[in-house]
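Below is one structure, written out as structure tokens, with a few remarks after it.
Predicted model only: the values in this text are computed from it and were never measured.
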Amino acid sequence: MRLFLLSALTMCAFAANSILNRLAIESGAADPAGFAVMRVLAGAVVLAVLVFLRGGHLPLRYTRRIAGAGSLSLYMIGFSVAYLTLDAGLGALILFGVVQITMFAVTSVTGTTPGTRQIAGAAIALGGLAWVLWPSGELRVDPVGAALMTAAGVGWAIYSLVGRSEPDALAGTAANFVVALPVTALALWSGSTDWHMTANGYLLAALSGGVTSGMGYALWYRVLPQLAPTTAAVVQLSVPIIAIVGGVILLGETASVRLILGATLVLGGIALAVLKLKPR
């Protein structure tokens, strides 16, 4: 039950991060590049302060930082730039679809082959998510945006897999954010000369970076060693559904029959893949 609650809290943090991102960018309070840089900066500052307050240190020179901070930078850069040309729903579908495929493929190669029930549950959940997020009307996919979101999905999958071996979740996440900050800032600023951030934009970016990203990712690193890689991959399919439901509650968006049925498929698929059925 404790693991379930921590996992659920982590998924809610990820979904809240998506809502904060939408609030900042869609309202014009921030541009994507500026929001992403401030998000990583806030996460690095908050996490580093917490590590130092408890008397710890940042493990910046460990070889794990190459994979951890590198994959985090890849995710942040790809995610931020891809949404300039991709529909929000389609972008989320590409992202989480790639995460599923990457984590399942890596675990299969490393000797942990997913079972039939896990594969079926993941397929059902991904199908439900596709039904909810598929854009209405004519489908237009920008190839550059799709490629960037694919890279973001690979980056997040690697970040999740690397987290299973992180001995100190808080210190490791803080070090990842600190190392990823200059890489992310340089990459985003080199491709964009715009910097549009209002006071609300800075506030939303600080909340996203310091709380829902920084603390959420630290909690994710703490939970990951207790989850099978395939389970960690499947449960993340709940994030877009939680974000959409949050949009209905907090932003006044409409809850359609399509959303309700799709969410049921996603949650049912996750349950099929995750829960262990007891024989009679």
Side-chain angles (χ1 to χ4, degrees), residues 3-4 6-15 17-18 64-79 82 90-130 133 146-166 169 172-173 176 180 213 216-243 265-276:
L3 178 60
F4 170 79
L6 289 176
S7 300
L9 180 60
T10 305
M11 296 305 105
C12 288
F14 292 169
N17 186 56
S18 175
R64 284 191 300 273
R65 295 290 76 78
I66 298 175
S71 58
L72 179 61
S73 299
L74 180 61
Y75 163 71
M76 289 288 187
I77 295 167
F79 183 87
L90 182 59
L93 184 59
I94 294 173
L95 175 68
F96 286 97
V98 171
V99 169
Q100 300 300 299
I101 293 171
T102 304
M103 294 187 72
F104 270 69
V106 171
T107 53
S108 297
V109 170
T110 55
T112 310
T113 305
T116 303
R117 190 161 50 84
Q118 291 173 315
I119 295 175
I124 293 171
L126 189 58
L129 187 62
L133 298 180
L148 287 168
M149 191 58 80
T150 299
V154 172
W156 182 253
I158 295 173
Y159 188 78
S160 297
L161 291 169
V162 170
R164 294 175 54 80
S165 61
E166 190 68 60
T173 308
N176 285 336
S213 291
Y217 293 4
L219 184 58
W220 184 230
Y221 263 27
R222 183 175 179 180
V223 169
L224 277 170
Q226 304 173 62
L227 295 176
T230 50
T231 301
V234 175
V235 296
Q236 293 183 78
L237 290 174
S238 65
V239 174
I241 299 299
I242 298 173
L265 282 174
V266 172
L267 297 178
I270 292 174
L272 178 62
V274 173
L275 298 180
K276 295 181 179 180

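Side-chain contact between Ser18 and Val239 is absent, with no heavy-atom pair separated by less than 4.5 Å. Using a 4.5 Å cut-off on side-chain heavy atoms (C-beta onward), Pro229 and Val106 make no contact. Using a 4.5 Å cut-off on side-chain heavy atoms (C-beta onward), Leu227 and Trp220 make contact. No side-chain heavy atom of Tyr75 sits under 4.5 Å from any side-chain heavy atom of Ile158. Looking only at side-chain heavy atoms (C-beta outward), Tyr217 and Asn176 stay at 4.5 Å or farther from each other. Within the 4.5 Å cutoff, the side chain of Val98 has no heavy atoms near those of the Trp156 side chain. Tyr159 has its side chain out of reach of Val99: every pair of non-hydrogen atoms, C-beta onward, lies at least 4.5 Å apart.
Considering all non-hydrogen atoms of both residues, Ala13 and Gly216 come closest at CB-CA, 4.1 Å. Taking every heavy atom of both residues into account, Ala69 and Ala180 meet most closely at O-CB, 3.8 Å. Nearest heavy-atom pair across Ala125 and Leu237 is CB-CD1, 3.4 Å. Minimum heavy-atom separation, Gly128 to Val266: C-CG2, 3.7 Å. Among all heavy-atom pairs drawn from Leu224 and Arg164, the shortest one is O-NH1, 3.0 Å. Pairing each heavy atom of Ala122 with each of Val234, the nearest pair is CB-CG2, 3.9 Å.
One distance of note links CG of Asn17 with SG of Cys12; it measures 12.5 Å at 0.5 Å rounding. One distance of note links CD1 of Ile119 with CZ of Phe104; it measures 6.5 Å at 0.5 Å rounding. In this structure, OG1 in Thr173 is found 6.5 Å from CD in Glu166, a value given to the nearest 0.5 Å. Atom CZ of Arg65 sits about 10.0 Å away from atom OG of Ser71, to the nearest 0.5 Å. Put simply, CD1 on Ile124 and CG on Leu129 are 13.5 Å apart, with the number rounded to the nearest 0.5 Å. Here Leu148 contributes atom CG and Ile77 contributes atom CD1; the two are 10.0 Å apart, rounded to the nearest 0.5 Å.
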Side-chain polar contacts of residues 268-275 - donor-acceptor pairs under 3.5 angstrom, sequence neighbours left out - could you list them?
none

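For Arg222, there are no salt bridge (Lys or Arg N to Asp or Glu O under 4.0 Å) partners at least two apart in sequence or on another chain.
No side-chain donor-acceptor contact under 3.5 Å links Gln236 to the backbone of Met11. Listed for the Ser165 side chain is a donor-acceptor partner under 3.5 Å among the backbone atoms of Val162.
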